[in-house]
Amino acid sequence: MDKKKNISMAVIKRLPKYYRYLQELKNNDVDRISSKELSEKIGFTASQIRQDLNCFGDFGQQGYGYNVKELYDQIKNILGLKKEYNTIIIGAGNIGQAIANYINFQKIGFTLTSIFDINPKLFGLKIRDIEISDIDTLDSFLKKHTVDIAIICVPSKNAQSICEVIVKNGVKGIWNFAPIDLNTPENVIVENVHLSESLLTLSCLLNGDI
Ligand code: NAI
């Protein structure tokens with residue numbers, strides 16, 4: 001896996017798509033696939049696929065293509081999905097509740113262990129059996145439990161202070177939905193999600209001038 005070190009972000013961003021298609025192929029009992037066939041399915045060129053996968057090792061075989069199960073397992077491994085992640089949600093409003101309700105994250109290894117909010121009306125309510133707790137208990141919760149990923153779904157004005165509590169307690173991954181650039185130490189990884197950027201890409205393309 002030494003090759004992994006200089007993998008570009010563009011390649012990393014394409015891996016989930018490979019994973020999704022390979023899972024579908026595996027579920028349909030497809031044993032092997034050529035880069036050309038994979039290219040037709042995924043929509044990347046065959047040479048792009050070969051180049052991407054070459055970053056991680058020699059997966060394909062000339063004249064044989066890729067062994068679907070093997071490639072799926074390797075990509076699953078590269079995506080870090082061979083282990084489980086404990087997650088918490090902070091902010092149980094529209095977005096926070098939608099994420100908490102989405103059972104598929106659990107299925108792929110992201111276990112939601114707790115939800116926090118500042119609104120007393122929400123304390124004690126449950127989403128999928130997980131209780132919403134007072135944000136004031138976040139610090140003590142983090143001192144007692146290992147959390148791998150914190151999902152921030154609070155208004156942007158409150159996101160940085162939440163981030164500081166999380167980081168101080170050793171959480172290394174933040175999935176940030178608040179539209180703000182969080183200030184974090186280098187060893188903390190922040191993945192920002194901006195649904196509106198995707199929507200604006202769509203409106204730009206619909207506009208027809210491009
Ligand atoms: P919302 O108002 O429905 O929910 C926010 C929740 O955060 C409320 O329950 C509130 O009580 C709680 N909260 C506020 N301050 C808190 C604190 N200090 N600690 C704990 N809980 C706190 O808002 P919505 O629609 O769920 O949006 C949440 C965040 O996600 C906002 O920052 C919004 O701008 C952002 N957002 C991001 C999108 C994206 O594509 N990334 C799309 C839509 C919203």
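Counting convention: from 1, in listed order, for ligands and their atoms alike.
Between the SG atom of Cys163 and the CG atom of Asn176 there is a distance of 8.0 Å, given to the nearest 0.5 Å.
In this structure, Tyr19 and Tyr72 have parallel ring planes: the angle between them is below the 30° cut-off, well short of the 60° mark.
Here Tyr85 and Trp175 keep their ring centres 6.0 angstrom or further from each other.
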Can you give me a line-by-line list of nitrogen or oxygen pairs between ligand 1 and the protein shorter than 3.5 Å?
from	atom 1	to	atom 2	distance (Å)
ligand 1	3 (O)	Asn94	N	2.9
ligand 1	3 (O)	Asn94	ND2	3.0
ligand 1	9 (O)	Asp117	OD1	3.4
ligand 1	9 (O)	Asp117	OD2	2.7
ligand 1	11 (O)	Asp117	OD1	2.6
ligand 1	15 (N)	Asn158	ND2	2.8
ligand 1	21 (N)	Ile118	N	3.2
ligand 1	25 (O)	Asn94	ND2	3.4
ligand 1	26 (O)	Asn94	N	3.1
ligand 1	26 (O)	Ile95	N	2.8
ligand 1	32 (O)	Val154	O	2.7
ligand 1	40 (O)	Leu195	N	2.5
ligand 1	41 (N)	Phe177	O	3.0
ligand 1	41 (N)	Val193	O	2.5

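When hydrophobic side chains of Ile, Leu, Val, Met, Phe, Trp and Tyr are connected at separations under 4.5 Å, Ile90 ends up clustered with Ile88, Phe116, Ile118, Ile135, Leu138, Phe141, Leu142, Val147, Ile152, Val154, Ile162, Val165, Ile166, Val167, Val171, Ile174, Ile180, Leu182, Val188, Val190.
Donor-acceptor pairing under 3.5 Å is lacking for the side chains of Gln74 and Glu70.
When atom types are taken as modelled, the side chain of Asn28 and the backbone of Glu24 share a donor-acceptor pair closer than 3.5 angstrom.
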